[in-house]
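Proteins get letters first, then strands, A, B, ... in listed order; numbering begins at 1 in each.
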2 protein chains.
Amino acid sequence: MTAPEMSSSVARDAAMLNESMLRAGAELMFFGYRSFTQDPDKILAERDYGRAHHRALHFIGRQPGLSVAGLLDILGVTKQSLARVLKPLIDDGFVEQRVGESDRRQRLLFLTEDGQAFEERLSAPQRARLARAFNQAGPEAVEGFRSVLELMMDDEQRAQASAVIGEARLP
Amino acid sequence: MTAPEMSSSVARDAAMLNESMLRAGAELMFFGYRSFTQDPDKILAERDYGRAHHRALHFIGRQPGLSVAGLLDILGVTKQSLARVLKPLIDDGFVEQRVGESDRRQRLLFLTEDGQAFEERLSAPQRARLARAFNQAGPEAVEGFRSVLELMMDDEQRAQASAVIGEARLP
DNA sequence: AAATTATGTCAGCGATGTTGACATAAATAT
DNA sequence: ATATTTATGTCAACATCGCTGACATAATTT
């Protein structure tokens, strides 16, 4: 049943990449992600907010009119988890809910002016950090960064991520 | 006070990278990191372990004889946080402590055989994922991935990460 | 002998995730 | 029309993993 060209890609991978390179890759992900999140984390700590609040603000700001179900799908959390994040954001006047026009069961999510301002304040240092890294690394490196991260996802996740990220090709 | 050549690098960055590219970069980090952690997360859930346990096992396995202070430094958490992770790992027979030879206040950390086996079981699918992505993306892309993540760190963090990752250059 | 260092531990708090159960309103299916 | 399904909200309980503050012990350094 196994065609010759099907010979284990795991074996081929092992042949070309030694363990220390893979370990280094994992450690880069750990240290890199920590750096990536540290700027907004500091701002979030002013209020009793965490990363989850930033993520919600980010994706609502990106797709105004997103439904609760849509946001749940993107974030990959339970509705109970989301509620604990969304409720304070609504109470604090950062997120607004409007009843769906075509489907009045839906609560469509929008950032208020304050929400938009806060989201930008959170994202600004993170984007500056990315911009600095992208510029110093150069366009080919950015394309490599993008392709490795995309290829690290499962097909399903990659499809979802692509749908969210959209055409905005990185390089 | 501002020299002409000091003209805001933020402005230059903004000139070359539009906002949608930076947003896409941030989203790639989010989705990519989620994919990166999902395999070990499933295994960790068998016991009452989380990512922090994996990280501790990883870095102890990488630098056997690491001191508690050394591990605290790498992980960037408080000793109270680490204790909650380390104590179960010791109780479960995955990590062993030995009194330091030169300084007998130190508790040097080692993986037991079981600990080594468990760490490998946790890391295997993660490394396979990385290997697949690296191979499909190609060596230049991997170098780009590495350089962008490194440049995303502050100088201090980059120095620390480089010290941990070591010579094992990625590409 | 005194101060500092490495480590451990107790107690409490906050953010973020989980499962399970139940409620309501609106849309859809029979 | 009635029944079912869907979208959302909410209550309760629990686990992980970060934090601060306080205190203790043993070993090293001053």
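- A donor-acceptor pair is defined here as one N or O able to donate and one able to accept, closer than 3.5 Å; such a pair exists between the side chain of A:Asn18 and the backbone of A:Met21.
- Annotation: B:Glu113, atom CD; neighbour count of heavy atoms from other residues, nucleotides and ligands within 6.0 Å does not exceed 12.
- Nucleotides of DNA chain C nearest to B:Arg105 and A:Arg105 differ in position, and the one nearer the 5' end is that of B:Arg105.
- Summarising the geometry of A:Gly32 relative to B:Met153, their closest heavy-atom pair is N-CE, 4.0 Å, with the distance given to 0.1 Å.
- Ring geometry for A:Phe36 versus A:Tyr33: interplanar angle of 30 to 60°, hence tilted.
- Among all heavy-atom pairs drawn from B:Ser162 and B:Glu150, the shortest one is OG-OE2, 4.4 Å.
- Residues B:Val85 and B:Phe59 are members of one and the same hydrophobic cluster, defined by side-chain heavy-atom contacts under 4.5 angstrom among Ile, Leu, Val, Met, Phe, Trp and Tyr.
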Per-nucleotide protein contact along nucleotides 14-19 of chain D, 5' to 3', at a 4.0 Å heavy-atom cut-off (B base, S sugar-phosphate only, - neither), is --SBBB
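- First and last contacts of DNA chain C with chain B, using any nucleotide atom under 4.0 Å from a protein heavy atom and ordered 5' to 3', fall at C:dT5 to C:dC10.
- Between B:Phe94 and B:Phe118, the gap from one ring centroid to the other is short of 6.0 Å.
- In this structure, A:Leu86 atom CG and D:dA7 atom C1' are separated by 14 Å, rounded to whole Å.
- Other residues, nucleotides and ligands place more than 12 heavy atoms under 6.0 Å from the CD atom of A:Gln80.
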